[in-house]
Amino acid sequence: MKILIADDDPISRRLLEKTLQRAGYDVVAVQNGMAAAEHLCKQDGPRLALLDWEMPELDGPAVCREVRKKKDLGYVYMILLTSKGLKTDIVTGLGSGADDYLTKPFDSGELKARLRTGQRILHLEGRLVEARENMRFKATHDSLTSLFNRGVIVELLGREISRSRRERVPTAILLCDVDNFKPINDSHGHLVGDEVLQEAARRLLLSVRSYDYVGRYGGEEFLIILNNCDPASAPRRAEEIRRSLSDTPVQTSIGPLLVTMSMGVHQTANWGARTVEELLHQVDLAMYAAKAAGRNRISFTKPENSSDADHRVPSEAEQSLR
Amino acid sequence: MAPRVPYLSFWPHAIVFICIGGLSPKVFSEGANEVNVATPSVLNIKDLLSRVDNDRELVSELFFIFKSVFPSHLQRLSDAVAKELPNQVEAESHTLKGMLLNLSAARAAAIAADLENMGREKRITGVSEVFTEFQSEAETLLLQMESVEFQQ
């Protein structure tokens, strides 16, 4: 484990360095408080630190205060090590944000024991953070496909439309529905249906850019948000996404299945006063139009007002694409 | 003018023990017949070795570092005493105290602590006398360090 030693006394620094290296730590040694704070405030900096109290530029308690200010950092376990030994010093040191306090000259056994305590705290913190991240993921992602769930993708859509309005940049909304999904489930069972949805999700994710959004909107429906999508390229992008599923059969436990999807697309930079729900309704209608036109195709929304027309895709693309 | 640091004049007279097989047994001995070795409380080698997991090479290295940095610290302390600058007396004494404690030099560390307290309390009266005592103790300590030889 990486540990930082900050001490302007070269004897103390060397003594600590050797003691901790021997105990298996990866030691970073610095001579002043400013350098210590810089190391500890790095995202990948040491999470365990031994700080001398009296140091040039920034003393030990000031380093503790600087580190504690950084709320986005993982927890840093800091031990003040000094020849100050008064009760008031201990109170001041711990009050600055230090976790523990050792007086010089340190006993190597006691030092190592206290560092093990620090490691236990850090390990516990790591497990708590991991559990919190797992819970956050579960709360925001669909358990079957690992895509954003409906709540999150709709929220992202709202944010993206606000951004698009503000910056006057076009955004495309794609609502995709796997064709004939109920017959797949009925004929081959729900496990195969799940395999189809998982593979469809994987291919959708692979067919968009890293800054686009893909979410599971409903049972076999997926919502895609293409940020900064140039009006001329939207039909091509939508077609590539449609073909990502239809061109290659999905490998399932009962063998390959040819799976397609129908898609409704709305693309503009001029959103008017429409709400997210209204926009989704429009895209939904377009998607059902693609279904009605024979499935495995794309249908674009109809313009609602003249201002929208400027950002419409070419007229031939408004027809169902196949 | 700041007082001259007299410990340097002791170096030519330092008695060096050439020991074969590791740490000189004289250093460990507390017997009255052992000469040229300061009393154990000046430099408690047993305590120091136990704190560094018996790493004699490290002790040699620490002594070397101390001998390298000590003169400049002592000179700054000497200047602060001569100029009656209590804040500097406190700061330098504190630094020296930390070093000496790490080296298990309890007596010198205790005198450095006295100087530190005097500096903190802005007590100038008597500080020269305590500083002289510290210098004397430091000379003894340096002599003892010289006497401790480790097998390379």
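Within every chain, numbering begins at 1; the chains are lettered A, B, ... in the order of the sequence lines, protein sequences first and strands thereafter. Everything numeric in this text was worked out from a predicted model, so none of it was measured.
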Side chain A:Arg22, main chain B:Val52, donor-acceptor under 3.5 Å: yes
Non-neighbouring partners of A:His123 that pass ring pair (Phe, Tyr, Trp, His ring centres under 6.0 Å), sequence neighbours left out: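 Partners of A:His123 under the ring pair (Phe, Tyr, Trp, His ring centres under 6.0 Å) test: none.
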B:Lys122 atom NZ: more than 12 heavy-atom contacts under 6.0 Å: yes
Side chain to side chain donor-acceptor pair (under 3.5 Å), paired with A:Arg114, selected from A:Asp100, A:Asp99, A:Asp107: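 Among A:Asp100, A:Asp99, A:Asp107, the one that satisfies the side chain to side chain donor-acceptor pair (under 3.5 Å) with A:Arg114 is A:Asp100.
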Polar contact flag, side-chain donor to acceptor under 3.5 angstrom, B:Asn102-A:Arg14: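 Note: B:Asn102 and A:Arg14 side chains miss the donor-acceptor criterion.
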Residues B:Ser104 and B:Asn44: side-chain donor-acceptor under 3.5 angstrom: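 Looking only at side-chain atoms, B:Asn44 and B:Ser104 do not form any donor-acceptor pair under 3.5 Å.
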Contact part of [X] toward chain A, heavy-atom cut-off under 4.5 Å: side chain, backbone, both or neither?
| X | result |
| --- | --- |
| B:Val69 | side chain |
| B:Leu100 | neither |
| B:Glu116 | neither |

Chain A neighbours within residues 86-99 of chain B, where any heavy atom lies under 4.5 Å away: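 The stretch touches chain A at B:His94, B:Lys97, B:Gly98, B:Met99.
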Validation row: A:Tyr101, A:Asp89 side chains within 4.5 angstrom (heavy atoms):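 The answer is yes; the side chains approach within 4.5 Å.
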